[in-house]
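Here the structure comes first, spelled out in structure tokens, and everything after it is commentary.
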Amino acid sequence: MEVVRTVGRQSLKVTLPDGSQREAPSGATTADIAAAIGPGLARSAIAGRVSFAGHTQVYDLDRPLPGDCALKILTASDDDPDSLMVLRHSAAHVMAEAVCRLFPETKLVYGPPLEDGFYYDIDLGRSVSADDIPRIEAEMARVVQENRPFCRYEMPRVPAMEKLRDEGNRYKVDNAERAEGDTLSFYVTGENRGKDFEDLCRGPHIPRTGLIKAFKVRQVSRSHYRGDVNDQPLQRLYGTAFFKQASLAAYLEQLEQAKKRDHRVIGKELGLFAISEAVGSGLILWLPRGAVVRTQLQQYLTEEMLKLGYDLVYTPHVGQLGLYRTSGHYPYYEDSQYPAMFETERGKAIQGVLQLALRVKDRAGAERDQGLAAVRGMLRAVEGTWGTLEGLRGDAALEQVIERLYAALTDEPGYLLRPMNCPHHIQIYAARQRSYRDLPVRLAEYGTVYRFEQSGEISGMTRVRGFTQDDAHLFCTTDQLAAELATTVKLTRSVLETLGLHDYRVRLGLRDESSNKYVGSPENWKKAEAAIRQAAIESGMQYTEEPGEAAFYGPKIDFLVKDCIGRNWQLGTVQADYNLPERFDLTYIGSDNAPHRPVMVHRAPFGSMERFVGILIEHFAGAFPLWLSPVQVAVATVSEKSDEYASSVYQTVKAAGLRAELDTSSEKIGPKKHRLRNAKINYILVVGEQETAGRSVNVNDRDGRSVGNMTLDAFISACRTEVESKGRTRVGGA
RNA sequence: GCCACCGUAGCUCAGUUGGCAGAGCAGCGGUUUUGUAAACCGCAGGUCGUCGGUUCGAAUCCGACCGGUGGCUCCA
């Protein structure tokens with residue numbers, strides 16, 4: 001083995017992942033270290049992950065190491081997420097070059113790697129269509145074929161900014177302005193600076209384009225600069241890349257497979273739920289089979305809650321507007337609620353003007369002028385009937401008109417389809433005087449709420465306009481808060497565990513201090529955040545803190561899972577709330593005989609029944625464990641000769657409390673089993689002349705496994721064990 | 001809400017240049033009486049999302065609306 005000689009006075013010490021150390025001359029690169037270790041590693045090395053002075057950063061292969069550091073040499077491997085990040089970042093540059101070659105007027109915006117690929121946002125006058133994708137890929141293939149090196153160069157900030165301004169791309173100027181440091185770095189895809197494609201970029205990149213052995217441009221969609229809908233619309237080109245063709249093929253295959261788990265497809269096939277245009281979009285109709293799954297889940301959770309001292313309550317789906325004015329839901333979140341139902345003619349009329357005014361607000365030009373004139377006309381009619389609205393002049397700007405219209409509705413009576421259950425539960429708490437001896441009061445309800453989600457957001461069961469939360473509100477003293485939060489977090493985790501949902505992420509949603517969407521005092525928020533953070537830490541879970549993700553009344557711990565196409569969904573949630581008790585002036589009488597303010601915990605382990613079942617359908621690909629399964633057992637006859645025995649088997653199974661189906665159709669047993677397996681029925685009892693004679697059943701599962709013959713009693717008892725153990729024990733073992 | 005694409009039988013889909021609306025599965029009726037991953041024959045099923053326009057003629061071209069899909073934004 002070659003020994004790296006220390007040249008000059010200075011050298012650096014590199015610690016490798018196995019703990020061994022190497023000395024290298026100052027200025028040595030990852031490539032140098034790799035070469036010193038061995039030629040194989042030198043060939044496959046693409047970058048280095050460097051830990052230095054408490055920071056970890058990926059370095060280009062030929063970038064000098066910063067000093068004594070820990071180094072992991074990244075190789076061209078599709079198994080290493082760090083390597084893939086580097087590759088995909090480079091692939092984004094290659095795609096950008098391809099797009100610029102095809103459409104020279106393209107302005108590049110921003111092109112980061114993603115967990116499973118990359119994208120590049122571009123500003124381009126014409127729209128890139130699906131037909132353009134093959135052309136882009138062909139151009140990319142050319143760049144890859146040319147196997148050009150990625151060459152980094154740096155410039156001091158001032159001349160670099162000047163250079164970017166000269167190029168006339170405002171996005172790059174913006175990006176550079178937000179970049180840290182005194183120098184800006186650029187990457188040229190090739191050796192000819194000034195001639196080859198280059199991009200402002202922090203790096204790192206793979207050494208050569210030829211390493212991108214497999215790539216695919218997946219789709220084009222629309223985005224906005226900095227995510228601001230009022231800013232420049234951009235086109236976002238999504239792609240992915242791998243070091244090996246086989247990995248790409250496997251990835252695409254996996255995507256195909258994942259699509260087959262889609263709850264919208266399986267839900268239809270298995271008759272679990274339906275959405276009817278006649279009812280409305282985002283409104284779920286639970287079909288009998290889906291209802292079974294939901295009922296079982298609710299039964300399970302209800303039992304757990306009763307063990308934990310919850311009380312069950314029922315409350316209506318609508319409430320007086322005043323209730324939501326107090327809670328803060330109305331009118332601040334009016335956009336995402338079904339419109340309020342005003343009772344008086346005046347209220348309805350003003351609401352009509354207001355709705356038009358709100359529509360006009362988003363328009364521009366002649367449309368806006370026209371709309372504003374219409375609003376003024378309606379206003380005159382309203383004022384003619386009910387008198388001048390307070391503080392409203394005839395020439396008021398639209399924004400002021402809207403403000404005065406809201407003000408004019410302040411005391412108008414009416415109802416709101418509830419967007420949350422908490423105000424109702426709060427009224428139950430407030431229905432009588434509470435003593436400290438009563439606390440915690442834990443009120444639970446499978447409460448249906450309605451939110452008018454934007455039309456483009458609605459999706460299957462995961463994002464809907466009417467949904468049922470497995471909601472509960474715990475009212476407790478400040479001293480009890482920590483324990484209540486801890487128990488609740490534990491309950492939520494145990495629910496996910498029971499269902500085998502292990503792959504979730506935990507988010508601590510905090511208030512964004514610069515936003516005005518939160519109610520309550522900073523002190524309340526401080527206390528609530530401290531409590532919720534404490535609960536997260538004590539649970540021992542990994543979590544990330546995310547400002548801006550809190551509820552409007554308090555911080556929360558959310559449990560997020562991914563659906564079959566990789567979208568994140570919030571399921572369970574645990575929230576600490578000092579604010580609503582204050583807004584509703586809730587009290588309890590303490591041991592000191594004085595009134596005190598309780599604290600609230602809002603929590604929903606499933607989140608919503610709709611979303612949870614949607615995710616579960618995908619998790620199990622429709623093949624529910626026995627305890628949840630809509631149809632647990634099918635009795636199928638070999639021929640008509642066994643109809644009578646099959647019927648008695650079916651009756652016995654039903655009487656034993658199992659959900660069963662009887663198939664005496666005149667098909668052969670092969671096709672029957674095929675159909676029943678596709679219906680994801682857990683166990684198929686084949687009954688023929690042999691079984692009739694032996695008073696047994698022939699047990700088969702839906703995966704094609706034959707358990708063999710057993711007595712009906714043995715089968716039923718095995719099913720009971722399987723149901724009770726929530727699937728930990730299976731009929732026929734295994 | 002914004003952008004792109006899509007909408008044909010209960011489901012999955014075909015339908016050429018604008019010229020008689022089709023298949024498989026499911027359903028119904030019959031034949032077969034069946035032994036473990038799709039038997040056979042037949043029947044029925046449609047205002048081609050809706051409304052308007054262009055045309056001698058529209059599933060097909062154009063517009064609006066409704067709905068869906070993907071993304072953006074949003075998710076109290």
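For the numbers below, each heavy atom of this structure counts, side chains included, while hydrogens, waters and symmetry mates do not. Since the structure is predicted, the reported quantities are computational estimates derived from the model, not experimental observations. Residue numbers start from 1 in every chain, and the chains themselves are labelled A, B, ... in the order their sequence lines are given, proteins ahead of strands.
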Below 4.0 Å: OP1/OP2 of [N] and any side-chain N or O of [X]:
{"X": "A/Arg264", "N": "B/U69", "value": "yes"}
{"X": "A/Arg465", "N": "B/C74", "value": "no"}
{"X": "A/Arg567", "N": "B/G71", "value": "yes"}
{"X": "A/Ser455", "N": "B/G1", "value": "yes"}
{"X": "A/Tyr450", "N": "B/C75", "value": "no"}

Determine whether a donor-acceptor pair (one donor, one acceptor, N or O, separation below 3.5 Å) exists between the side chain of [X] and the base of [N].
{"X": "A/Gln235", "N": "B/G71", "answer": "no"}
{"X": "A/Asn698", "N": "B/U36", "answer": "yes"}
{"X": "A/Lys668", "N": "B/U34", "answer": "no"}
{"X": "A/Glu667", "N": "B/U34", "answer": "no"}
{"X": "A/Ser706", "N": "B/U36", "answer": "no"}
{"X": "A/Arg236", "N": "B/C3", "answer": "no"}
{"X": "A/Glu549", "N": "B/C75", "answer": "no"}

Proximal nucleotide (of [options]) relative to the [X] side chain:
{"X": "A/Glu277", "options": "B/G1, B/C66, B/G70", "answer": "B/C66"}
{"X": "A/Lys641", "options": "B/U36, B/C11, B/U33", "answer": "B/U33"}
{"X": "A/Ser639", "options": "B/U34, B/G67, B/U12", "answer": "B/U34"}
{"X": "A/Lys517", "options": "B/U12, B/G71, B/C75", "answer": "B/C75"}
{"X": "A/Pro671", "options": "B/A38, B/U69, B/G71", "answer": "B/A38"}
{"X": "A/Glu691", "options": "B/A39, B/G1, B/U36", "answer": "B/U36"}
{"X": "A/Gln454", "options": "B/G1, B/U36, B/U34", "answer": "B/G1"}
{"X": "A/Ser281", "options": "B/G68, B/A37, B/C72", "answer": "B/G68"}
{"X": "A/Ser666", "options": "B/A39, B/C11, B/C74", "answer": "B/A39"}

Quiz item: Say you pick atom C1' in B/G63 and the same atom in B/U54; how far apart are they, in whole Å?
Solution: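 Straight-line distance between the two C1' atoms is 11 Å.
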Quiz item: Looking only at atom P, what distance separates B/G10 and B/G70, rounded to whole Å?
Solution: 24 Å
Quiz item: Quick one: are the ring centres of A/Tyr429 and A/His473 less than 6.0 Å apart?
Solution: no
Quiz item: Under 6.0 Å between ring centres, would you say that holds for A/Tyr324 and A/Tyr330?
Solution: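 That pair fails the under 6.0 Å test.
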In whole angstrom, give the distance that lies between atom [atom1] of [X] and atom [atom2] of [N].
{"X": "A/Asp512", "N": "B/C74", "atom1": "CG", "atom2": "C1'", "answer": "15 Å"}
{"X": "A/Ile133", "N": "B/C5", "atom1": "CD1", "atom2": "C1'", "answer": "12 Å"}
{"X": "A/Arg463", "N": "B/C75", "atom1": "CZ", "atom2": "C1'", "answer": "4 Å"}

Self-check item: Pairing string, 5' to 3', for RNA chain B - Watson-Crick or wobble contacts under 3.5 Å, brackets [ ] where pairs cross, | to another strand
Solution: (((((((..((((.....[..)))).(((((.......))))).....(((((..]....))))))))))))....
Quiz item: Under the criterion side chain to side chain donor-acceptor pair (under 3.5 Å), which of A/Asn568, A/Thr573, A/Thr492 is the partner of A/Asp558?
Solution: A/Thr573
Quiz item: For RNA chain B, whose closest nucleotide is more 5', that of A/Glu640 or that of A/Gly670?
Solution: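 The residue closer to the strand's 5' end, by nearest nucleotide, is A/Glu640.
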Quiz prompt | Earlier contact from the 5' end, RNA chain B, for A/Ser459 and A/Trp569 | solution =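 It is A/Ser459 whose nearest nucleotide is closer to the 5' end.
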Would you classify [X] as touching base, sugar-phosphate or nothing, given that sugar-phosphate means primed atoms plus P, OP1 and OP2, and contacts are heavy atoms under 4.0 Å?
{"X": "A/Ala550", "answer": "sugar-phosphate"}
{"X": "A/Ser223", "answer": "sugar-phosphate"}
{"X": "A/Ile458", "answer": "sugar-phosphate"}

Quiz item: What's the shortest heavy-atom distance between A/Leu416 and A/Ala340, and which atoms?
Solution: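 For A/Leu416 versus A/Ala340, the nearest heavy atoms are CD1-CA, 4.0 Å.
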Quiz item: Parallel, tilted or perpendicular for A/Tyr171 and A/Tyr225, by the 30°/60° rule?
Solution: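 Judged by the thresholds at 30° and 60°, the geometry between A/Tyr171 and A/Tyr225 is perpendicular.
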Quiz item: Between A/Asp116 and A/Leu114, is there a donor-acceptor pair closer than 3.5 Å when you use the side chain of the first and the backbone of the second?
Solution: no
Quiz prompt | From CA spacing to verdict: salt bridge (Lys or Arg N to Asp or Glu O under 4.0 Å), A/Asp262, A/Lys259 | solution = CA-CA 5 Å; A/Asp262 192 320; A/Lys259 270 192 204 155; over 6 Å; no
Practice problem: Could you tell me which residues satisfy side-chain contact (heavy atoms from CB on, under 4.5 Å) with A/Leu248, sequence neighbours excluded, listed by chain and number? | Solution: A/Ala214, A/Lys216, A/Thr240, A/Phe242, A/Gln245, A/Leu252
